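What you are looking at is a predicted structure, and each value in this text was computed from that prediction instead of being measured. To find a chain, count down the sequence lines: A is the first, B the second, and so on, and within it residues start at 1.
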2 protein chains.
Amino acid sequence: MESKDEKIKIVRGIPEPTLRRLPVYHQYLRELEQKKVFFISCTAIAADLKLIPIQVRKDIEMTGVVGRPKIGYSVKQIIDGIEEFLGWKKSSEAFLAGAGSLGAAILGYQGFKEYGLDILAAFDNNPAKAGTIIHGRKVYAMEKLPDLIRRMKVKIGIITVPAVSAQKTADIMMDAGISAIWNFAPVKISPFGGVIIQNENLAASLAVLSKKLKVMQAAENIRP
Amino acid sequence: MESKDEKIKIVRGIPEPTLRRLPVYHQYLRELEQKKVFFISCTAIAADLKLIPIQVRKDIEMTGVVGRPKIGYSVKQIIDGIEEFLGWKKSSEAFLAGAGSLGAAILGYQGFKEYGLDILAAFDNNPAKAGTIIHGRKVYAMEKLPDLIRRMKVKIGIITVPAVSAQKTADIMMDAGISAIWNFAPVKISPFGGVIIQNENLAASLAVLSKKLKVMQAAENIRP
DNA sequence: TCCTAATAGATATTTATTTATCGATATAAA
DNA sequence: TTTATATCGATAAATAAATATCTATTAGGA
Ligand SMILES: NC(=O)c1ccc[n+]([C@@H]2O[C@H](COP(=O)([O-])OP(=O)(O)OC[C@H]3O[C@@H](n4cnc5c(N)ncnc54)[C@H](O)[C@@H]3O)[C@@H](O)[C@H]2O)c1
Ligand SMILES: NC(=O)c1ccc[n+]([C@@H]2O[C@H](COP(=O)([O-])OP(=O)(O)OC[C@H]3O[C@@H](n4cnc5c(N)ncnc54)[C@H](O)[C@@H]3O)[C@@H](O)[C@H]2O)c1
């Protein structure tokens, strides 16, 4: 138990803002790599991504990648370092529940594969959807979900069902032994058995945007 | 100019984490309201949303809503307060560029209307899509975007085009006088002319989930 | 070969955010 | 009416994150 707590403490020790910036570096560095850029300084990264060099350096430090004075970092090493650090090297298999419009968009998005997320299949309680194929992935009836999670030892569940069904769907997944849930429904899922819940809340971003816009417009009204 | 800077300073003074939590309270309180609950204490909100009372109280304080000792807050007042505070009272009109699978999901999502976001139409550079209707909204050719932004004085642009076209699309919107851009492509948009950019990065959330999962699995390997 | 400048890495400081403490207030029960 | 207590609101402390400063290293030119 100590080891687990210790490990969890280590995650706590990584600033979540850093974790959220790592994919931004990753995307940017992959573009650089394609342009045959092999070394880069944190100063240059910061300039391109509109961050500050110190922050970039600290973020990279977290992944364990080291650079060389006057040279910078190896682009490939940072990319590998981020993938290793986040666990993107060995891909995790996932099931998606709720093959509606958002579910279909997620199924169709190729980008997640690069992040080690391999969505195997979708599940829906609408009989009309069961048996169909969306972006190359089969849609099964919800009844098959628990058994398939157990048999295939799938660790990640993605929830794109309506808000009212989200907790129920999560319960089914957690009962069947899933380890982590990525929830797109606008409700807070109550976890049990140490399951990791990542709530994705588009309204949160919209709130930030709305407020900034409101303040900007208020300022314009004062001085047009 | 001073007034504008001052206003922007005020936004800076509001913790962004608070802004991101407000929609969570909003959603929760609307559910309460439907259950005919008219008063609620921050202790009760915190218990239900797995937060701590002090944080809830400070967040509510930001909106200017006041409560009464021993009674709590008026549910309706907080809901109104949040909507007023975030500028959700008077809805903002938006255009969406990139009527692909993610664009379609966003067009189909009813929830945004409650947050004062009214997506009027979509735009796509694929001639096959122009003229179609997605979730009740018309899809126009991209060429029509600048003129329509100007004529209808639309203030918000939503970008769901592929990453390579995101900056170009943003430039078109900004040239036409848009005030804020909500960008779903995994690239950082460079703004000009004081345009507000809100980058939505699903990979960021996935990174947090991945790391937690990796650490958990590492812990399990030590003590199964 | 030595000097210069760019750069990473370590340490320190500042700022932002969260959490705790305490006093005031109003309700409801005694 | 009085008293106990749940609650808000203000202030203070602690924690987390961002930023600044200093030091050491090394490529590349003088
Ligand atoms: N579309 C968006 O842009 C968007 C944005 C933010 C949040 N969301 C959230 O994502 C979720 C899905 O949104 P959507 O627009 O795709 O809705 P949708 O109605 O298009 O899709 C929901 C799907 O879930 C299925 N479903 C319903 N109940 C189910 C159950 N109990 N078990 C399994 N499947 C079930 C339905 O058959 C349907 O196919 C909602 O919770 C919504 O609030 C969507
Ligand atoms: N689908 C997801 O779950 C998801 C998740 C994260 C990020 N994204 C990002 O969202 C964006 C869209 O993803 P998608 O899955 O909907 O892709 P998609 O290919 O289904 O849709 C893209 C749409 O944009 C249109 N388009 C292309 N170039 C354009 C241009 N220059 N101007 C106007 N329209 C143009 C295409 O015709 C198409 O309809 C991408 O940048 C993707 O990386 C998607």
Side-chain angles (χ1 to χ4, degrees), chain A residues 8-22 24-25 29 32 37-79 81-82 85 204 207-208 211-212, chain B residues 8-22 24-25 29 32 37-78 81-82 85 188 204 207-208 211-212:
Chain A
I8 286 166
K9 209 181 288 167
I10 291 168
V11 168
R12 290 230 180 91
I14 301 155
E16 188 165 313
T18 293
L19 287 179
R20 298 185 68 89
R21 281 189 298 268
L22 290 179
V24 179
Y25 302 131
L29 292 166
L32 274 192
V37 177
F38 300 119
F39 285 88
I40 184 102
S41 71
C42 65
T43 320
I45 297 175
D48 283 349
L49 297 179
K50 272 138 211 145
L51 298 170
I52 64 170
I54 308 139
Q55 186 168 55
V56 175
R57 201 151 62 215
K58 288 213 102 186
D59 288 341
I60 293 172
E61 195 188 339
M62 279 290 174
T63 67
V65 173
V66 294
R68 287 164 60 196
K70 194 85 181 176
I71 295 289
Y73 300 89
S74 148
V75 171
K76 184 165 174 3
Q77 273 181 22
I78 312 183
I79 293 173
I82 290 174
F85 183 74
V208 177
K211 181 65 188 176
K212 286 183 185 165
Chain B
I8 284 166
K9 209 181 289 166
I10 290 167
V11 168
R12 287 225 181 94
I14 300 156
E16 189 165 313
T18 293
L19 288 179
R20 300 185 67 91
R21 280 188 297 268
L22 290 180
V24 178
Y25 301 131
L29 292 167
L32 274 191
V37 177
F38 300 119
F39 285 89
I40 183 103
S41 71
C42 64
T43 320
I45 297 175
D48 282 349
L49 297 178
K50 270 137 211 145
L51 297 170
I52 64 170
I54 307 138
Q55 186 167 55
V56 175
R57 206 174 324 143
K58 288 215 102 186
D59 287 340
I60 293 173
E61 195 187 339
M62 280 289 175
T63 67
V65 173
V66 294
R68 287 164 60 195
K70 192 85 181 181
I71 294 290
Y73 300 89
S74 146
V75 170
K76 184 163 174 5
Q77 273 181 21
I78 312 182
I82 291 174
F85 184 73
K188 206 151 184 175
V208 177
K211 182 63 188 176
K212 286 183 186 166

*Counting any heavy atom closer than 4.0 Å, what does B:Ile54 reach on the DNA or RNA strands: base, sugar-phosphate only, or nothing?*
base
*asked:* Does B:Arg68 reach a base, just sugar-phosphate, or nothing at all? Heavy atoms under 4.0 Å.
replied: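 It contacts sugar-phosphate atoms only.
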Separation of [N] [atom2] from [X] [atom1] (nearest whole Å):
{"X": "A:Glu16", "N": "C:dT17", "atom1": "CD", "atom2": "P", "answer": "14 Å"}
{"X": "B:Ile14", "N": "C:dT15", "atom1": "CD1", "atom2": "C1'", "answer": "17 Å"}
{"X": "A:Ile45", "N": "C:dA8", "atom1": "CD1", "atom2": "P", "answer": "8 Å"}
{"X": "B:Ile52", "N": "C:dA20", "atom1": "CD1", "atom2": "C1'", "answer": "9 Å"}
{"X": "B:Ile40", "N": "D:dC8", "atom1": "CD1", "atom2": "P", "answer": "10 Å"}

*asked:* Check whether A:Lys211 reaches the backbone of B:Phe85 with its side chain - one donor and one acceptor, N or O, closer than 3.5 Å.
replied: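 Yes; at least one donor-acceptor contact below 3.5 Å.
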Hey, is the side chain of [X] poking within less than 4.0 Å of OP1 or OP2 on [N], counting only N and O atoms?
{"X": "A:Arg57", "N": "C:dT11", "value": "no"}
{"X": "A:Tyr73", "N": "C:dG9", "value": "yes"}
{"X": "A:Arg21", "N": "D:dA18", "value": "yes"}

*Kindly indicate whether the side chain of B:Lys58 and the base of C:dT18 share any N or O donor-acceptor pair separated by less than 3.5 Å?*
no
*Nearest heavy-atom pair of B:Ile78 and B:Ile60: which atoms, and what distance?*
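Distance-wise, the nearest heavy atoms are CD1-CD1, 3.8 Å.
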*Closest approach of A:Val66 and A:Gln77, non-hydrogen atoms and distance?*
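Closest approach of A:Val66 to A:Gln77: O-OE1, 3.9 Å.
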_Sole residue of B:Leu32, B:Val75, B:Ile71 in side chain to side chain contact (heavy atoms under 4.5 Å, CB included) with B:Phe39_ = B:Ile71
_Reading DNA chain D from 5' onward, which residue's closest nucleotide shows up sooner: A:Pro69 or A:Asp59?_
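That would be A:Asp59.
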